[in-house]
2 protein chains.
Amino acid sequence: MKYSYPYPRPALAVDAVVFGFADEDVCGLFIERALEPFKGRWALPGGFVRPGETPEAAARRELGEEGGIQQEIYLEQLYTFGDPERHPGDWVVSVAYYALVRKDRFNVKPGSDAKDAQWFSLKKRPALAFDHGRIVDTALQRLRSKVHYQPIGFELLPEQFTYAELQQLYEAILGEALDKRNFRKKFDSLGILREVGVVPTGKRPATTYEFDRKKYQQMQRRGFHFEV
Amino acid sequence: MKYSYPYPRPALAVDAVVFGFADEDVCGLFIERALEPFKGRWALPGGFVRPGETPEAAARRELGEEGGIQQEIYLEQLYTFGDPERHPGDWVVSVAYYALVRKDRFNVKPGSDAKDAQWFSLKKRPALAFDHGRIVDTALQRLRSKVHYQPIGFELLPEQFTYAELQQLYEAILGEALDKRNFRKKFDSLGILREVGVVPTGKRPATTYEFDRKKYQQMQRRGFHFEV
DNA sequence: CCAATAGTGTCTCTAAGACAGTATGTT
DNA sequence: AACATACTGTCTTAGAGACACTATTGG
């Protein structure tokens, strides 16, 4: 190799915070480590980046291998954690990602490096291995701020949803109650939801909507920008 | 080392986009490479992360060594670039940062790995080595969006500044003309500027202001959030 | 007809944005 | 006196936020 750097190198890992939503609650997917260090502790799905691979590809691969998440999902780079003390006994730098998935679309299952894979409500998540707790906090912050100016909430909902569900999602992410009428007014005026049907709820049936991605992209090109 | 990962590892680098402001123009600090690869090409200041060092510390160290920037400066992690093809002949992953500095406070000077260090207007910057052009674009995007909701513009101005300068800065970053009266009204109403004096301009003297950091932090704690 | 959830309209107030002339200094 | 730059105020309009009742269905 020409120009190669001869000094010690870190191992490069990726870790992903996978967010889901169900029962009016935001949750995260964690795996139980089958290997040292932190064997038996809950941790983020992740692993090492292989030669020739981009970190994002590594993150997607690991989500498939470790969490049973193979489909196309929303995945975004979050932050790179490089404290030399973050991994006991080795120098491991981790590029962290966060993912938004529709929980119902996935059968989470542990892969070879994991004893178990489970969703946890983020309100009562277990203590995590390494600095993964901090990574989750960072991801939550990012989600909370991003949800205001990008229509990423829909990545967490089923294709079709009611206004009640959409509002519960926003309330769960933002951690505050919102006014039903103002919330509806807001999204109605954005014009990015398409009515697609009606669904029984036990009492009065509710109208269901879809996020109109194409229309949103058109509007975006015309200078529109989403804000909630 | 316990648990160490035996497979090939990337070299870990940091690169920094250093922004400055002068003459109604945003500029960036680039260095001319003294070594292969891309010897003689302009590039971002940066270098390899050493064992025991955090990436941020490495970035600060390199800015001192390569660009003559030793003082405390605003520095924020931007994005990690990990395309395996980004560096010819080796696997080098780079954690990119961006910095905001008061141009007048620094005597930029090239370090040992650089033939030269120079400020360039970002409108007419040279073609850069590696993927550094993309890194600059990413940093500019980040700066442009962040300037709306965080008072980081002040990091680019001298301690004391006039409304004309402040407005020129925002116009340069955002790339659009702003209305003088509305601009003033906005910042006046925020209440984060402190009048500190008067400066001759050749014609009618202008009032100078300082960013009142303490007041801003107080207000922030009370739930205030900056927005322009 | 009762219970439960879905859905709706108005008012107030703040702030964004468009817009043009006066004030104060220098030469 | 002329010129250049600093500085100022009003109107219109859009939207955020507070607020409470009606509609529709199942049991």
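Residue numbering restarts at 1 for every chain, and letters A, B, ... go by the order of the sequence lines. Quick caveat, the model's predicted, so the values are computed rather than measured.
- Taking atom CD on B:E227 and atom C1' on C:dG17, their separation rounds to 14 Å, with Å as the unit.
- Rounded to an integer number of Å, the gap from A:K186 NZ to C:dT8 P is 18 Å.
- Here D:dT8 is the nucleotide among D:dT8, D:dC19, D:dA6 with the atom lying nearest to any side-chain atom of B:R181.
- Residue-to-nucleotide proximity on DNA chain D shows that, of B:T208 and A:P205, the 5′-proximal contact is made by B:T208.
- Of the side-chain N and O atoms in B:T207, one or more sit less than 4.0 angstrom from OP1 or OP2 of D:dC7.
- A:Q167 has its CD atom 12 Å from the P atom of C:dG7, to the nearest Å.
- Projected onto DNA chain C by closest heavy-atom contact, B:S189 and B:K180 fall at different nucleotides, the more 5' of which corresponds to B:S189.
- Per the geometry, NE2 belonging to A:H225 stands 11 Å off P belonging to D:dG15, to the nearest Å.
- Atom CG in B:N182 sits about 13 Å away from atom P in C:dA20, given to the nearest Å.
- With hydrogens and angles left out, the side chain of A:R204 and the base of D:dA23 share a donor-acceptor pair within 3.5 Å.
- Following rounding to the nearest Å, B:L178 (CG) and C:dA16 (C1') show an atom-to-atom distance of 13 Å.
- Here the closest heavy-atom approach between residue B:I152 and residue B:L143 is recorded as CD1-CD1, 4.0 Å.
- Of all the heavy atoms in B:R144 and B:L174, the pair that sits closest is O-CD2, 3.8 Å.
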Can you give me every donor-acceptor pair (side chain of residues 23-33 of chain A, partner residue at least two apart or in another chain, under 3.5 Å) with its distance?
residue: A:D25; atom: OD2; partner: A:S121; partner atom: OG; Å: 2.7
residue: A:R33; atom: NE; partner: A:P37; partner atom: O; Å: 2.7
residue: A:R33; atom: NH2; partner: A:P37; partner atom: O; Å: 3.1

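- Here the C1' atom of nucleotide D:dT8 and the CG atom of B:D179 are 12 Å apart, to the nearest Å.
- Distances shown here put a side-chain N or O of B:R184 below 4.0 Å from the OP1 or OP2 atom of D:dC7.
- Scanning atom types as modelled, one donor and one acceptor separated by under 3.5 angstrom connect the side chain of B:K185 and the base of D:dT10.
- Ring geometry for B:F211 versus B:Y216: interplanar angle of 30 to 60°, hence tilted.
- With rounding to whole Å, A:K203 atom NZ is found 5 Å from D:dG26 atom C1'.
- Classification of A:D179 and A:R181 as a salt-bridged pair holds, one side-chain N sitting under 4.0 Å from a carboxylate O.
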